[in-house]
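All figures in this text were calculated on a predicted structure; none of them were measured in a lab. Side chains included, hydrogens not; waters and symmetry mates left out as well; all remaining heavy atoms used.
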Amino acid sequence: MADNVPIDIIRSHEDEVDRESAEQKETLYPLSAPLEVDEDEKYKHDVAPDGGYGWVCIACVFWINAHTWGINSSYGVFLSYYLSNDVFPNTSALSYAFTGGLSISCALLVAPVATHMIHKLGVRFVLNLGIFFETLSLIGASFATQKWHIFLSQGVCFGWGMGFLFVGSVGITPQWFDKHRGVAMGINAAGSGLGGLMYSLAVGAIIPRYGLAWAFRILGIISCVVNLVCCNLLRDRNKAVGSRFTAFHLPLLRRPEFLLFLGWGVFSMLGYVALLFSVANFALSVGLSSHQGSIVSALLNLGQGLGRPFVGMFSDRLGRINIATFLTFLCGLFCLVIWTSADSMGVVCFFAVLVGTVAGTYWATVSPVLAEIIGIRDLPSGLSITWLTLVVPCTVSEPIALQLRSHGIGGETSYLHVQIFTGFMYIGASMCLWVVRGWKVGELERALASRDSVVQSGPLAGVNGGNEKQNCPATISPALEATETNIPLWAPVSLVRRMISLKKV
């Protein structure tokens with residue numbers, strides 16, 4: 001019958017159907033009111049390259065960390081030299097301790113400023129500004145003759161340089177990697193360990209031969225050259241991922257999981273700074289020489305350099321929050337069990353290498369863990385608040401450690417109270433992140449339940465061969481839907497259950 005219908009009638013009928021379809025589209029989606037694109041959806045499907053030029057960025061950030069945090073890690077050798085020699089008259093041990101913490105706290109204090117400047121002036125400008133301040137600080141410290149000179153140069157100015165370099169570079173690697181983000185960040189963090197190893201040994205050898213002034217000048221020249229090359233090879237993906245460079249995204253502070261994340265950082269830094277700057281001087285308290293103290297400090301940094309890539313690798317495989325929680329707790333355990341019984345060169349060196357592999361877990365996992373909690377787009381804002389929160393603990397940690405030292409009748413110094421303080425700070429940090437783990441497991445369960453309910457009740461629910469069950473429209477009872485999608489994330493009983501569950505998060 002269809003073959004007998006004239007062709008012009010068929011074409012006129014098709015034209016009429018096309019016109020009706022066009023009218024329906026115009027009614028549903030009028031040209032005068034185009035659909036608005038959700039900003040979150042716009043960048044939701046960005047796929048990280050997981051390689052390519054990202055490997056160049058990893059190498060650059062690695063060496064930037066080596067010549068910022070690595071040089072700062074060698075302050076333990078400087079501190080041991082300051083305490084053993086009357087370098088700056090009328091300067092107490094407490095004042096010297098504040099200098100080391102001041103550099104870290106100033107680096108974190110400029111984080112909001114650096115974040116805002118990245119938004120206005122770009123990453124490269126901020127990185128080169130950091131190079132200027134760091135070089136100025138080290139060269140200026142070589143001419144220091146009074147204690148306030150060293151506070152301004154090795155403390156404040158170096159901290160500014162380190163802060164601009166760190167904030168400018170720390171968010172670049174996560175933009176290039178997704179599946180292997182933990183390994184990439186672990187390699188980056190290993191740079192500070194390798195730098196600390198190199199410069200702890202170098203400073204320990206340079207000061208006796210060439211003096212304190214030339215030690216600063218050599219560090220300043222080398223760091224300037226290396227950082228100039230690396231900073232100008234870095235390439236960010238801020239536009240591709242739609243990064244929000246808001247210095248203070250205050251709604252984050254209303255989220256309990258973010259506040260617990262900050263607690264993890266505060267307790268970790270109270271333990272980390274005390275451990276990092278106390279080990280070299282602790283070696284002197286058990287009868288070792290200044291040279292042996294510099295070796296112990298170098299071995300601690302060697303442990304950090306060796307351990308951090310493995311921290312990243314295991315976090316990708318076993319869960320980033322899982323590994324961060326476990327290794328933070330393990331570091332506290334090492335301090336309480338091994339450090340308290342270290343009384344010889346062999347045991348002290350063994351402790352330094354072993355604890356070094358887990359002491360810097362925070363720096364190796366902070367960005368991946370925060371990305372799991374708040375997402376990649378809000379990562380710059382979250383990190384900015386985090387760095388500002390860490391200013392106080394980084395400033396007071398080493399002074400607290402020095403005040404906790406006890407002196408015996410014969411002038412012997414005991415670090416037992418320092419060791420206990422450091423161990424419990426790390427354990428407290430792990431407790432905070434353990435609770436966050438319970439929240440994250442609940443969040444994943446709720447997301448999975450929501451996805452399943454959408455699939456079961458969606459338009460494709462009845463499309464599957466001749467299965468009678470699946471061909472029927474899927475309906476979910478309100479009670480079941482409430483049970484699956486409205487899981488009480490902070491209810492104590494369910495939270496504890498999720499904290500002890502064996503899941504990859």
Side-chain angles (χ1 to χ4, degrees), residues 72-85 91-101 104 196 200 204 267-304 328-362 393-430:
N72 188 72
S73 296
S74 67
Y75 183 74
V77 181
F78 283 106
L79 178 62
S80 180
Y81 179 77
Y82 293 153
L83 295 175
S84 304
N85 302 272
T91 303
S92 64
L94 192 62
S95 299
Y96 286 131
F98 268 114
T99 304
I104 299 178
S200 292
F267 287 121
S268 291
M269 286 304 100
L270 286 172
Y272 176 76
V273 176
L275 175 64
L276 186 67
F277 293 157
S278 296
V279 165
N281 202 50
F282 165 76
L284 302 182
S285 70
V286 295
L288 304 181
S289 65
S290 297
H291 177 66
Q292 289 173 318
S294 67
I295 293 176
V296 171
S297 180
L299 289 175
L300 175 64
N301 287 289
L302 173 64
Q304 294 194 72
T328 303
F329 175 81
L330 196 62
C331 184
L333 197 63
F334 287 158
C335 291
L336 293 175
V337 175
I338 303 177
W339 194 13
T340 54
S341 59
D343 56 358
S344 64
M345 181 64 177
V347 179
V348 172
C349 290
F350 171 74
F351 166 75
V353 175
L354 186 63
V355 81
T357 59
V358 292
T361 297
Y362 180 81
C394 288
T395 304
V396 303
S397 178
E398 182 57 17
I400 289 174
L402 285 181
Q403 290 298 108
L404 288 175
R405 295 183 307 170
S406 58
H407 300 280
I409 300 175
E412 298 177 353
T413 303
S414 173
Y415 272 79
L416 179 61
H417 295 162
V418 180
Q419 295 157 347
I420 294 173
F421 168 78
T422 304
F424 277 107
M425 288 302 102
Y426 272 111
I427 291 175
S430 68

Short question: side chain of Ser397, backbone of Ala274 - any donor-acceptor pair under 3.5 Å?
yes

Please report the C-alpha distance between Leu416 and Ser406 in whole Å, then the side-chain angles of each, then the deciding distance to 0.1 Å, and finally whether the side-chain contact (heavy atoms from CB on, under 4.5 Å) criterion is met.
CA-CA 8 Å; Leu416 179 61; Ser406 58; over 6 Å; no

Flag side-chain contact, heavy atom, 4.5 Å: Leu276 against Gln304
yes

Atom pair CG (Leu284) and OG (Ser289), whose distance is rounded to the nearest 0.5 Å
8.0 Å

On a heavy-atom basis, the closest approach of Thr328 and Ser268 is CG2-OG, 4.2 Å

I need the Ser74 OG to Asn301 CG distance, nearest 0.5 Å.
8.0 Å

Can you check whether Trp339 reaches Thr422 side chain to side chain, under 4.5 Å on heavy atoms?
yes

Any side-chain heavy-atom pair of Tyr75 and Tyr96 under 4.5 Å:
yes

Heavy-atom side-chain proximity of Val396 to Val273 below 4.5 angstrom:
no

Is the backbone N or O of Leu275 less than 3.5 Å from a side-chain atom of Ser278, with the two atoms forming a donor-acceptor pair by type?
no

Just jot down the ring-ring contact (aromatic ring centres under 6.0 Å, His included) partners of Tyr426, sequence neighbours excluded, or say none.
none

Taking distance alone, no hydrogens or angles, what donor-acceptor pairs closer than 3.5 Å link side-chain atoms of residues 345-357 to residues at least two apart or in another chain?
unit_1	atom_1	unit_2	atom_2	d
Thr357	OG1	Leu354	O	2.5

If we ignore angles and hydrogens, is there a donor and acceptor under 3.5 Å between the side chains of Ser294 and Ser297?
no

Return the set of residues passing ring-ring contact (aromatic ring centres under 6.0 Å, His included) with Tyr415 (not counting sequence neighbours), or none when no residue passes.
Phe282

Answer whether the closest heavy-atom distance between the side chains of Leu79 and Asn281 falls below 4.5 Å.
no

Does any part of the side chain of Ile427, heavy atoms only, come nearer than 4.5 Å to the side chain of Leu336, both counted from C-beta?
yes

Is the closest side-chain heavy-atom distance between Ile104 and Tyr272 below 4.5 Å?
no

The reported gap from OG in Ser414 to CD in Gln419 (rounded to nearest 0.5 angstrom) is 7.0 Å

Which pair of heavy atoms, one from Pro399 and one from Thr395, lies closest together, and at what distance?
CD-O, 3.4 Å

